[in-house]
Peer 1: 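First, the structure itself, so that you have it in front of you.
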Amino acid sequence: MAVNGPLAGRRALVTGGASGIGRACAVRLAADGAAVVIVDRDAGAARVVAEEVGGTAVTVDLSDLAAVDSLDLAVDVLVNNAGLQHVAPLHEFPVDRFSYILRLMLEAPFRLIRGALPHMYDQGWGRVVNISSVHGLRASPYKSAYVTAKHGLEGLSKVVALEAAGRGVTSNCVNPAYVRTPLVEGQIADQARAHGMSEDEVVERVMLAPAALKRLIEPAEVADAVAWLCSPAATSVTGTSLVMDGGWSAH
């Protein structure tokens, strides 16, 4: 932890912090001085990250809303990152899976923000950063729950920005395209087998077909964007979506 970093003395909570984007955010925020709480349902992986960054691990299934409400949300920085994907045609999409994804990726962030705002208001300072997606701005077929949840998160983030602006709290989204995470790498391998392509071809010709830049985003790049939104340089940035989609939404 950086003793004199821009987030020294601040407490940050990162959901889904045990791997991928969440882990990168935990590492980056700790490097800027924050005391980081890693929230994840994988207790072992969360403890590893917490030990790495000198933070705290909390094991929670964020789809359990009662458990969400029981969290200590006296935090100065809240990073809503936890999520998952399910791919199926709308007429075959399991209704319980749709409800689960919205509960985890939209209602849990609402409750986390709702619980964290009183402390932020008391401090006169706070940063809410929602890890959205290019799918918060654009749709793709077969991803009805994910696209719906991310579009909802965009709206929620803007409402928070408007309500909290006079209290020293900002709220923003970060919108990456495909990020090199274990989940995405598994999808690449599956599609390579299904299409008879190399993994590089899957990335360029299938996953990133709409993007101008044919490369996966690294988790650390997303974490740098999150850290910037929490920095003094971004004091006037709120209610916006920081797009890192390689030109996907430029069409």
Peer 1: Ion pair present between Glu107 and Arg111, side-chain N to carboxylate O less than 4.0 angstrom?
Peer 2: yes

Peer 1: Kindly say whether Pro232 contributes a backbone atom to a donor-acceptor pair with the side chain of Thr235 at under 3.5 angstrom?
Peer 2: yes

Peer 1: Check Cys25 against Val79 and note the closest heavy-atom contact, atom names and distance.
Peer 2: SG-CG1, 4.4 Å

Peer 1: When hydrophobic residues are tied together by side-chain contacts of less than 4.5 Å, even through go-betweens, does Val179 share a cluster with Leu29?
Peer 2: yes

Peer 1: Is there a donor-acceptor pair closer than 3.5 Å between any side-chain N or O of Asn175 and the backbone N or O of Ser241?
Peer 2: no

Peer 1: How far apart are the closest heavy atoms of Pro109 and Leu153, and which atoms are they?
Peer 2: CB-CD1, 3.9 Å

Peer 1: So, does Asn130 use its side chain to make a donor-acceptor pair with the main chain of Ser132 at under 3.5 Å?
Peer 2: no

Peer 1: Which heavy atom of Ala57 sits nearest to which heavy atom of Ala50, and what is that distance?
Peer 2: N-CB, 3.7 Å

Peer 1: How long is the gap from CG on Leu112 to CG on Leu73, to the nearest 0.5 Å?
Peer 2: 6.0 Å

Peer 1: Say whether, by atom type as modelled, one donor and one acceptor occur between the side chain of Thr170 and the main chain of Arg127 under 3.5 angstrom.
Peer 2: no

Peer 1: Please tell me whether Met197 and Met207 are part of a single hydrophobic cluster in this structure, the criterion being side-chain heavy atoms less than 4.5 Å apart.
Peer 2: yes

Peer 1: For the residue pair Val147 and Tyr142, establish whether any side-chain heavy-atom pair is separated by less than 4.5 Å.
Peer 2: no

Peer 1: Quick one: CD on Gln85 to OG on Ser133, what's the gap to the nearest 0.5 Å?
Peer 2: 8.5 Å

Peer 1: State, yes or no, whether a side-chain contact exists between Gln187 and Val87 at a heavy-atom distance under 4.5 Å.
Peer 2: no

Peer 1: Any chance you could lay out the side-chain contact (heavy atoms from CB on, under 4.5 Å) test for Thr240 and Leu242, step after step, and finish with the verdict?
Peer 2: CA-CA 6 Å; Thr240 194; Leu242 183 54; 5.5 Å; no

Peer 1: Can a donor-acceptor pair be found, under 3.5 Å and without considering hydrogens, that links the side chain of Lys214 to the backbone of Ala209?
Peer 2: yes

Peer 1: Val53 and Ile131: same hydrophobic cluster, using ILVMFWY side-chain contacts below 4.5 Å?
Peer 2: yes

Peer 1: Hey, does the side chain of Asp245 reach the backbone of Val134 with a donor-acceptor pair shorter than 3.5 angstrom?
Peer 2: no

Peer 1: Should we say atom CZ of Arg23 is surrounded by more than 12 heavy atoms from elsewhere, each under 6.0 Å from it?
Peer 2: no

Peer 1: Evaluate the side-chain contact (heavy atoms from CB on, under 4.5 Å) criterion for residues Val203 and Glu199: first the C-alpha distance (whole Å), next the side-chain angles of each, then the deciding distance (0.1 Å), finally the verdict.
Peer 2: CA-CA 6 Å; Val203 171; Glu199 293 191 2; 5.7 Å; no

Peer 1: Carefully, step by step, assess Leu216 and Ile188 under the rule side-chain contact (heavy atoms from CB on, under 4.5 Å).
Peer 2: CA-CA 11 Å; Leu216 295 176; Ile188 293 169; 3.7 Å; yes

Peer 1: Quick check on the hydrophobic clustering: are Met244 and Val237 connected, directly or via other members, by side-chain heavy-atom contacts under 4.5 Å?
Peer 2: yes

Peer 1: Would you call Arg47-Glu51 a salt bridge at under 4.0 Å N-O?
Peer 2: no

Peer 1: Which atoms form the tightest heavy-atom contact between Val243 and Ser249, and what is the distance?
Peer 2: CG1-OG, 3.8 Å

Peer 1: Nearest 0.5 angstrom please: Tyr146 OH to Ile101 CD1, how far?
Peer 2: 10.0 Å

Peer 1: First locate atom CG of Leu62, then atom CG of Leu71, and finally report the distance between them rounded to the nearest 0.5 Å.
Peer 2: 7.0 Å

Peer 1: In sequence, state the C-alpha distance, the side-chain angles, and the governing distance for Arg138 and His251, and then conclude on side-chain contact (heavy atoms from CB on, under 4.5 Å).
Peer 2: CA-CA 10 Å; Arg138 297 290 186 273; His251 292 282; over 6 Å; no

Peer 1: Mind telling me whether Tyr178 and Trp248 have parallel, tilted or perpendicular rings, with 30° and 60° as the class edges?
Peer 2: tilted

Peer 1: Is there a side-chain contact between Val14 and Ile38, using heavy atoms and a 4.5 Å cut-off?
Peer 2: no

Peer 1: Mind listing the closest non-hydrogen atom pair of Gly239 and Asn172 along with its distance?
Peer 2: N-OD1, 3.2 Å

Peer 1: Only counting residues at least two apart or in another chain, list the ones meeting salt bridge (charged side-chain N to carboxylate O under 4.0 Å, His left out) with Arg215.
Peer 2: Glu221

Peer 1: For Asp72, give me all partners under salt bridge (charged side-chain N to carboxylate O under 4.0 Å, His left out), at least two apart in sequence or on another chain.
Peer 2: Arg11

Peer 1: Applying ring pair (Phe, Tyr, Trp, His ring centres under 6.0 Å), name anything that partners His86, two or more places apart in sequence or on another chain.
Peer 2: Phe93

Peer 1: Which atom pair, heavy atoms only, marks the closest approach of Gly20 to Pro219?
Peer 2: O-CB, 3.9 Å

Peer 1: Any donor and acceptor pair, going by atom type alone, linking the side chain of Thr15 with main-chain N or O of Asn81 inside 3.5 Å?
Peer 2: yes

Peer 1: Does Tyr100 reach the side chain of Asp96, with side-chain heavy atoms less than 4.5 Å apart?
Peer 2: no

Peer 1: With clusters defined by side-chain heavy atoms of hydrophobic residues (ILVMFWY) lying less than 4.5 Å apart, directly or transitively, does Leu229 cluster with Leu7?
Peer 2: yes

Peer 1: Side chains of Arg28 and Asp224: does their closest heavy-atom pair fall under 4.5 Å?
Peer 2: yes

